Amino acid sequence: MGAPARRALWILYVCFTALRTNALRVSMRESTVEVVRGDSVILPCSFFASSPLSRLNIIWTLAPFSNPESPIQVIVYDHGQIIEDPSLIGRVGFTGIPWSADIMVNDTQISDAGIYRCMVNNPPETADASIGELLLSVLVAPSLPACRWDGDMEAGGSVTLSCSVAEGVPTPEIRWDKLNPEEISLPINMEGELSGSVQIVNVSLQTSGLYRCSASNLLATVNCYINLSVYSAVAQSHSGILQGVLLTLSMSLMLLALLVLLAWLHRTSQDGRQRVSKEEEEEEEGYNEIRYTPSLMKRSFV
Ligand SMILES: *[C@@H]1O[C@H](CO)[C@@H](O)[C@H](O)[C@H]1NC(C)=O
Ligand SMILES: *[C@@H]1O[C@H](CO)[C@@H](O)[C@H](O)[C@H]1NC(C)=O
Ligand SMILES: *[C@@H]1O[C@H](CO)[C@@H](O)[C@H](O)[C@H]1NC(C)=O
């Protein structure tokens, strides 16, 4: 028996069963539906009725994932009238009423995600299974992560790199990589689902480099970067040079002072002892100056 013949037989069987039991039947063509936030989605709900649809009544309810305890009536069709929930006005509508109970939701939001139930009644028909159920997931690309660093960039210090993402569905995976000299993945501590940090203890010059945090889910991967530069080793060698320069400078000054002292002593011995007292005072000042300079230098050096 061919496939078309089998399908015809199946349809006949369904019609016959429905007519015989006089029962309305709801069927969901899909049990889970995914949509990217902002896009439109059709939530399918088919039904088979055997009597006129003049008293058809359809109710779509939603138990949102964000608030499962408070289901809402998304949209209702009753005696030809349509009523929408205030939070969905202008965004939800039937697509094939009264022949199908499918609805379309436009500009989807995270709050639209949850369990939808489609209930169909067509009095006086009785119903075998008049309720269908489906799960709607609203997917969201990860938002741009925020990279931060905290700690001590001095060699021997420790630094914490942290990264956090505001949103993303499914929950984005967060990872940290050091990009140079070669790319390596770093061990991460998660703080909640949406932020992760890396602890680097005893930083050294080799710790410097570009670090990347990436947040990814099935929709997108987004990154932020931190450029670390450990500076203290460089600063230390600078201060070493400075100390050397100061030492040389003070030693040459002391040498100079010694030479001047020698020259003075030499001249005093040549000039003899007969001098004007005024001249002696002047030279006393000069001597004092010379004697104090090296000790001053010593003090500043210490
Ligand atoms: C949803 O969008 C479709 C296509 O843009 C449009 O035909 C339909 O009327 C919209 N539904 C509502 C309830 O605005
Ligand atoms: C820190 O790192 C330096 C070399 O990078 C090493 O000599 C030293 O022992 C380390 N200190 C500690 C406390 O691990
Ligand atoms: C990171 O910083 C270093 C030194 O400050 C600089 O030479 C390098 O170009 C920076 N790299 C990036 C990718 O910004």
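What you see is a predicted model, and the numbers here were worked out from it, not measured in a lab.
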Output yes when a side-chain donor or acceptor of Arg37 lies under 3.5 Å from a complementary backbone atom of Val140, and no otherwise. no
ILVMFWY network linking Met190 to Trp176, side-chain heavy atoms under 4.5 angstrom: yes
Closest heavy-atom pair and its distance - Asp152, Val159: O-CG2, 3.4 Å
Is any side-chain heavy atom of Val74 closer than 4.5 Å to a side-chain heavy atom of Asp112? no
With a 4.5 Å limit on heavy-atom distance, are the side chains of Ile110 and Ser66 in contact? no
Between atom NE2 of His79 and atom OG of Ser54, what is the distance when rounded to the nearest 0.5 Å? 7.5 Å
Out of curiosity, Asp102 CG to Ile42 CD1, how far, rounded to the nearest 0.5 Å? 6.5 Å
How about Tyr77 and Ile83: do any of their side-chain heavy atoms sit closer than 4.5 Å? no
Between Glu125 and Ser51 (side chain of the first, backbone of the second, donor and acceptor by atom type, cut-off under 3.5 Å), is there such a pair? yes
Distance-only, no hydrogens or angles: does the Glu84 side chain make a donor-acceptor pair with backbone N or O of Ile82 under 3.5 Å? no
Sub-4.5 Å side-chain heavy-atom contact between Ile174 and Val165: yes
Main-chain N/O of Leu135 paired with Thr32 side-chain donor or acceptor, under 3.5 Å: no
Look at the side chain of Thr108 and the backbone N and O of Gly38, then say whether any donor-acceptor pair between them is shorter than 3.5 Å. yes
For the residue pair Val230 and Met153, what are the closest heavy atoms and their distance? CG1-O, 3.2 Å
Flag, side chain of Ser137 to backbone of Glu34, donor-acceptor distance under 3.5 Å: no
Looking at CG of Leu62 and CD of Gln73, how far apart are the two atoms once the value is rounded to the nearest 0.5 Å? 11.5 Å
Same apolar cluster (I L V M F W Y, side chains within < 4.5 Å links), Val222/Tyr211: no
Determine whether Val26 and Leu24 satisfy the following criterion, side chain to side chain contact (heavy atoms under 4.5 Å, CB included), listing intermediate values before the conclusion. CA-CA 7 Å; Val26 166; Leu24 181 127; 4.1 Å; yes
Verify same cluster id: Ile115, Ile75 (apolar side-chain graph, 4.5 Å): no
So which atom in Met28 and which in Glu133 form the shortest heavy-atom distance, rounded to 0.1 Å? CG-N, 3.5 Å
Does either side chain, that of Gln109 or that of Ser111, offer a donor lying less than 3.5 Å from an acceptor on the other one? no
Might you work through the side chain to side chain contact (heavy atoms under 4.5 Å, CB included) test for Arg55 and Asn57, ending with a clear yes or no? CA-CA 6 Å; Arg55 292 172 69 191; Asn57 172 278; over 6 Å; no
Ignoring hydrogens and geometry, is there a side-chain-to-backbone donor-acceptor pair from Arg91 to Asn106 under 3.5 Å? yes
Where do Cys45 and Trp60 land on the side chain to side chain contact (heavy atoms under 4.5 Å, CB included) test, with the steps shown first? CA-CA 10 Å; Cys45 175; Trp60 275 92; 3.4 Å; yes
Hey, is CD on Gln81 packed in by over 12 heavy atoms from elsewhere, all under 6.0 Å? no
Pairwise distance CG(Asp177) to CZ(Arg175) - rounded to 0.5 angstrom: 4.0 Å
Count the heavy atoms belonging to other residues, nucleotides or ligands that lie under 6.0 Å from CD of Glu193, then report whether that count exceeds 12. no
Is a donor on one side and an acceptor on the other found under 3.5 Å between the side chain of Ser229 and the backbone of Ser208? no
Among Leu139, Val105, Val138, find the one that has a side-chain contact (heavy atoms from CB on, under 4.5 Å) with Val35. Val138
In terms of hydrophobic clustering (I, L, V, M, F, W, Y; side-chain heavy atoms under 4.5 Å; direct or indirect links), are Leu134 and Phe94 co-clustered? yes
In short, Pro172 meets Asn217 closest at the heavy-atom pair CA-CB, 4.2 Å
Which disulfide (SG to SG under 2.5 Å) pairs, counting each pair once, include a residue from residues 132-175, with sequence neighbours left out? Cys147-Cys224, Cys163-Cys213
OG of Ser214 to CZ of Arg212, rounded to nearest 0.5 Å, is 5.5 Å
Quick one: does Leu186's side chain get under 4.5 Å of Ile188's, heavy atoms only? no
Are there over 12 heavy-atom neighbours, none belonging to Arg148, within less than 6.0 Å of that residue's CZ? no
Flag, side chain of Asn180 to backbone of Leu210, donor-acceptor distance under 3.5 Å: yes
Working for side chain to side chain contact (heavy atoms under 4.5 Å, CB included), residues Leu179 and Tyr225: CA-CA 10 Å; Leu179 297 184; Tyr225 300 88; 3.8 Å; yes
Out of Leu228, Asn227, Ile200, which residue meets the side-chain contact (heavy atoms from CB on, under 4.5 Å) rule with Trp149? Leu228
Return the minimal non-hydrogen interatomic distance between Leu53 and Pro98, and the atom names on each side. CD1-O, 3.7 Å
Are Tyr116 and Phe65 co-members of a hydrophobic cluster defined by side-chain heavy atoms under 4.5 Å apart? no
First locate atom OG of Ser46, then atom CH2 of Trp99, and finally report the distance between them rounded to the nearest 0.5 Å. 14.5 Å
As a test of understanding, state which of Asp85, Asn67, Thr61 forms a side-chain contact (heavy atoms from CB on, under 4.5 Å) with Ile72. Asp85
Correct closest heavy-atom pair for Ile58 and Leu56 would be CD1-CD2, 4.0 Å
